[in-house]
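Worksheet for the structure shown next.
Lettering of chains follows the sequences in order, A, B, ..., and the numbering in each one begins at 1.
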2 protein chains.
Amino acid sequence: MATQEWSIQEIARVAGTTSRTLRHYDDVGLLAPSRIGSNGYRYYDQHCLVQLQRILLLRELGLGLPAIADVLDGERDSAAALAVHLEWLRQERDRIDRQIASVTTTLRKLEGGEQIMATEALDGFDHTQYKDEVIERWGKDAWERGDDWWRSLSDEDKHEFKQRQHDIAGDFTQALKDGKSADSDDVQAIVQRQYDWIAVGWQGKRPTADEFVGLGQMYVDDPRFRANYDRHGEGTAAFIRDAMVAYAERVLR
Amino acid sequence: MATQEWSIQEIARVAGTTSRTLRHYDDVGLLAPSRIGSNGYRYYDQHCLVQLQRILLLRELGLGLPAIADVLDGERDSAAALAVHLEWLRQERDRIDRQIASVTTTLRKLEGGEQIMATEALDGFDHTQYKDEVIERWGKDAWERGDDWWRSLSDEDKHEFKQRQHDIAGDFTQALKDGKSADSDDVQAIVQRQYDWIAVGWQGKRPTADEFVGLGQMYVDDPRFRANYDRHGEGTAAFIRDAMVAYAERVLR
DNA sequence: CTTTACCTTGACGTAACGTCAACTTCTACC
DNA sequence: GGTAGAAGTTGACGTTACGTCAAGGTAAAG
């Protein structure tokens, strides 16, 4: 009546896997042998073989062992498990597709002789870097509006926007080097440009005095902003903050 | 002149990663801090920041840390590394696409009410299971011819082919139960069907006496074949072998 | 009785960190 | 100057699904 039994290697060959895998499935409680000899040997029967073949089938479809265990234990319908898995597979494929697109783009740029690494990386104004802070300070809507706006820009516009900021920061540094005070007219003129630049980034919403002061303080507190400004010259971030505070007092209040 | 230095957390925030990651990169030799304080603290400078941003850029493109290390050490051109990586990404996508197709097919069958697990899994005649043995015994060409032939069959033909084998094995088991001897005329008639069935699988090439005996012995020796035949009843494999040996002596020689 | 094949458990390695845990150091405040 | 809190350090374990030795006991064959 076919009450046959196999040793661990035999059933491994029957099912097309390895004995190590069988021991692993035993260890993690996925598939226990039907009998264990007094010598400790594992023996498997027909029922085990069926279970094992189910396991291997689901595994080939890419399911993880815990998910397979759920199906075998009857805690989850196999169709449901496969449907969930299918969704995961689709997301994985999308992720890889996006990576392929990124790599392809990068490769084209490299072939065009662009030095992506040194320049773009040093740019320091990848706006997505500030996502969490923006959301925390001004809410999720503000971030999404800003993000939409940023994405809507052409590469040229983006570059121009960042270039403006770069020039402003450079001028601040020069003024600092020249010994000008933060509330001098020269420096306040630079602050005016900074204010306008921010207003563009805010899509026309002009910062209040408090908001402007808050921004200036953040340039000093947040190491990412500080690094970006101090890149032009040490102390620039603090200098800009002082100038912004003076501007807020004199012009915005 | 912006000879700035950052602590580990600061540079982590600047670059948008974590201090743990920085320590890991230090551990694996990917990025060492520019200076280590007498207290053991890690400090990073501008150059480190640039390197780190290169690392993170490549990592986002999916490269592994060893590959990134090669690029940073100048041992490999970044374009070359990306090209290799792109090929790997494409293969991954293909693999996932195949899995998606498999899962989708399986899901459709399940919706159609088919009990894939219990039946197909128990079928026991997934011919790819025997690939290694076939190649070892009869060469690679034999396997490829057989594989092509098998793939060319429709699902119905495949089912019919397997059904024939199933019927034959069942008849052998019945004969064994009935106490018939392996060289009796009744049993030899079944062997005749078995012989014809094999010839179909060999695409008309009819086995010699030695080949036929060898096959019969393999049914007993190879646990996968033995399991398949003994599934019908214990001892069937050995009985079939005996019957095949008798047939080889009487008919084929 | 010995060789040979097969079985056992235990432990490390894999990719790239996340996450405690235990302990030391810096900074700020009273 | 003492102390709390933030930040730093070095381990070490966990993650996925086994592959791959290593050391030692068991079984089948000559």
Quick check on [N]: is either OP1 or OP2 less than 4.0 Å from any side-chain nitrogen or oxygen of [X]?
| X | N | value |
| --- | --- | --- |
| Thr21(A) | dA17(D) | no |
| Ser7(B) | dG8(D) | yes |
| Thr18(A) | dG19(D) | yes |

Salt bridge (Lys or Arg N to Asp or Glu O under 4.0 Å) contacts touching residues 60-85 of chain B (sequence neighbours left out): none

Once salt bridge (Lys or Arg N to Asp or Glu O under 4.0 Å) is applied, what residue pairs with a partner in residues 78-101 of chain B remain, sequence neighbours excluded? Arg93(A)-Asp97(B), Asp97(A)-Arg93(B), Glu92(B)-Arg95(B)

Whether Thr173(B) side chain and Ala169(B) backbone form a donor-acceptor pair below 3.5 Å: yes

Between the base of [N] and the side chain of [X], is one N or O donor paired with an acceptor at under 3.5 angstrom?
| X | N | answer |
| --- | --- | --- |
| Arg23(A) | dT8(C) | no |
| Tyr43(B) | dG8(D) | no |
| Arg42(A) | dT8(C) | no |

Over how many whole Å does the gap from [X] atom [atom1] to [N] atom [atom2] extend?
| X | N | atom1 | atom2 | value |
| --- | --- | --- | --- | --- |
| Leu63(A) | dC18(D) | CG | P | 13 Å |
| Asp26(B) | dT10(D) | CG | C1' | 12 Å |
| Gln9(A) | dT8(C) | CD | C1' | 13 Å |
| Arg59(A) | dC18(D) | CZ | P | 5 Å |
| Leu30(B) | dA15(C) | CG | P | 14 Å |
| Ile36(A) | dT8(C) | CD1 | P | 9 Å |
| Leu31(A) | dC18(D) | CG | P | 12 Å |
| Arg20(A) | dC21(D) | CZ | P | 13 Å |

Reading DNA chain C from 5' onward, which residue's closest nucleotide shows up sooner: Leu65(B) or Gly40(A)? Gly40(A)

Residue whose nearest DNA chain C nucleotide is more 5′ - Pro66(B) or Asn39(B): Pro66(B)

Whichever of Tyr25(A) and Ser38(A) has the more 5' nearest nucleotide on DNA chain D, that residue is Tyr25(A)

Looking at Tyr43(A), does the NZ or CZ of Arg35(A) lie under 6.0 angstrom from its six-membered ring centre and within 45 degrees of the ring axis? yes

How would you label the contact of Gly64(A) with the nucleic acid (heavy atoms, under 4.0 Å): base, sugar-phosphate, or nothing? sugar-phosphate

Base, sugar-phosphate or nothing for Ser19(B)? Non-hydrogen atoms, less than 4.0 Å. nothing

With a 4.5 Å heavy-atom cut-off, do Val187(B) and Phe172(B) have their side chains touching? yes

With the side chain of His24(B) defined as its heavy atoms from C-beta on, choose the nearest nucleotide among dC7(C), dA16(C), dG19(D). dA16(C)

With the side chain of Tyr41(B) defined as its heavy atoms from C-beta on, choose the nearest nucleotide among dC17(C), dA7(D), dA17(D). dA7(D)

Side-chain donor-acceptor pair present, Thr21(A), Thr18(A), cut-off under 3.5 Å: yes

